[in-house]
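Take a look at the structure below.
First listed ligand is number 1; within each ligand, the first listed atom is number 1. Start at 1 with the first residue, then count along the sequence.
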Amino acid sequence: MNFLEQKICDEGLVLSSSVLKVDSFLNHQIDPEFMKLIGIEIANRYKSDRITKILTIESSGIAPAVFAGLELGVPVVFARKKKSLTLTEGLLTSKVYSFTKQEQNEISIAEKFMHPGEKVLIIDDFLAHGEAALGLADLVIKANAHISGFGIVIEKSFQEGRKKLEEKGYRVESLARVKEMNTNGITFIQSEVMSS
Ligand code: 5GP
């Protein structure tokens with residue numbers, strides 16, 4: 001078991017067979033030392049890809065994205081889920097349906113932070129049905145930038161997110177891949193050995 005899988009088993013709460021709560025280190029409280037290791041691990045997997053920018057979505061993608069950005073030495077842009085008073089002009093937008101919240105959000109970033117030709121690493125906390133990931137990919141495409149791949153903290157492999165992304169030819173790196181979960185426990189798909 002890698003250090004993330006161990007943390008999920010120790011602190012995660014399986015709310016149903018499809019929803020995992022990890023609010024002690026990722027979704028509410030953030031464990032900075034632990035998140036730093038997560039960021040380093042994602043960065044290591046893309047260190048030879050000449051990434052120029054990281055794109056994530058508020059709010060839970062920001063922590064792993066910032067630590068990965070620190071390691072790769074690139075800026076991090078986070079897409080907003082709600083319209084902002086100050087974010088009004090030159091916007092790139094995309095629609096994202098959330099299965100957990102059962103609502104559609106329009107996500108957006110300022111055009112000026114995503115330039116044509118950039119090599120973009122997209123990071124998020126969870127990959128489930130792939131809606132958020134595809135919405136972020138759409139923003140990169142609209143900016144005429146290049147999607148180098150995805151860095152996911154927790155992938156729920158029993159949902160179809162990875163399949164949708166791979167069908168489009170995208171590289172997906174997930175640090176923990178949940179095969180199955182229920183109140184008795186969580187099983188993982190064997191993943192790459194992590195550096196810590
Ligand atoms: P997707 O768009 O792939 O269906 O879902 C990904 C997004 O939904 C993530 O950004 C994450 O915030 C949220 N999400 C999906 N499944 C879970 C889950 O089991 N637990 C938590 N905490 N968030 C989830």
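Closest heavy-atom approach to atom 2 (O) of ligand 1 among the candidates Ala133, Gly61, Gly12, Ala132: Ala132. With atom 8 (O) of ligand 1 as the reference point, the heavy atom nearest to it among Leu13, Leu136, Thr100 is part of Thr100. Between the choices Thr56, Asp125, Val96, the shortest heavy-atom distance to atom 9 (C) of ligand 1 belongs to Asp125.
Considering only non-hydrogen protein atoms, atom 5 (O) of ligand 1 sits nearest to Ala128 CB, 3.6 Å. Summary of contacts: the protein heavy atom closest to atom 14 (N) of ligand 1 is Phe126 CB, 3.9 Å. In this structure, atom 20 (N) of ligand 1 lies nearest to the protein heavy atom Leu20 O, 2.7 Å. Remark: minimum distance from atom 4 (O) of ligand 1 to any protein heavy atom is reached at His129 N, 2.8 Å. Closest to atom 16 (N) of ligand 1, if we only count protein heavy atoms, is Lys156 NZ, 2.8 Å. The nearest protein atom to atom 22 (N) of ligand 1, hydrogens excluded, is given as Asn27 OD1, 2.9 Å; this is a heavy-atom distance.
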Exercise for the section: Show the numbers, then the answer: is there a side chain to side chain contact (heavy atoms under 4.5 Å, CB included) between Gln159 and Ser18? Expected result: CA-CA 8 Å; Gln159 293 171 323; Ser18 64; 3.7 Å; yes

Problem - Worked verdict on Val22 versus Phe126 for side chain to side chain contact (heavy atoms under 4.5 Å, CB included) - result: CA-CA 10 Å; Val22 283; Phe126 272 88; 3.8 Å; yes

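Distances from ligand 1 to the non-hydrogen atoms of Gln159 include no value under 4.0 Å. By the 4.0 Å heavy-atom criterion, Ser18 is counted among the residues contacting ligand 1.
Other residues, nucleotides and ligands contribute more than 12 heavy atoms inside 6.0 Å of the NE2 atom of His115.
Taking a cutoff of 4.0 Å between a charged side-chain nitrogen and a carboxylate oxygen, Glu58 and Lys81 do not qualify as a salt bridge. Salt bridge annotation for Lys164-Glu131: present, with a cationic side-chain nitrogen under 4.0 angstrom from a carboxylate oxygen.
The CD1 atom of Ile54 lies 12.5 Å from the CD1 atom of Ile62; values are rounded to the nearest 0.5 Å.
Residue Asp124 approaches ligand 1 through these ligand atoms, each under 4.0 Å from one of its heavy atoms: 9 (C), 10 (O). The ligand atoms of ligand 1 that sit less than 4.0 angstrom from a heavy atom of Glu131 are 1 (P), 2 (O), 3 (O).
In terms of heavy-atom proximity, Gly61 sits nearest to Asp124 at CA-OD1, 3.9 Å.
In this structure a side-chain-to-backbone donor-acceptor pair under 3.5 Å is missing from Asp23 to Leu26.
The shortest N or O to N or O distance between Gly130 and ligand 1 is under 3.5 Å.
Judged by the 6.0 Å and 45° rule, Arg171 forms a cation-pi pair with Tyr46.
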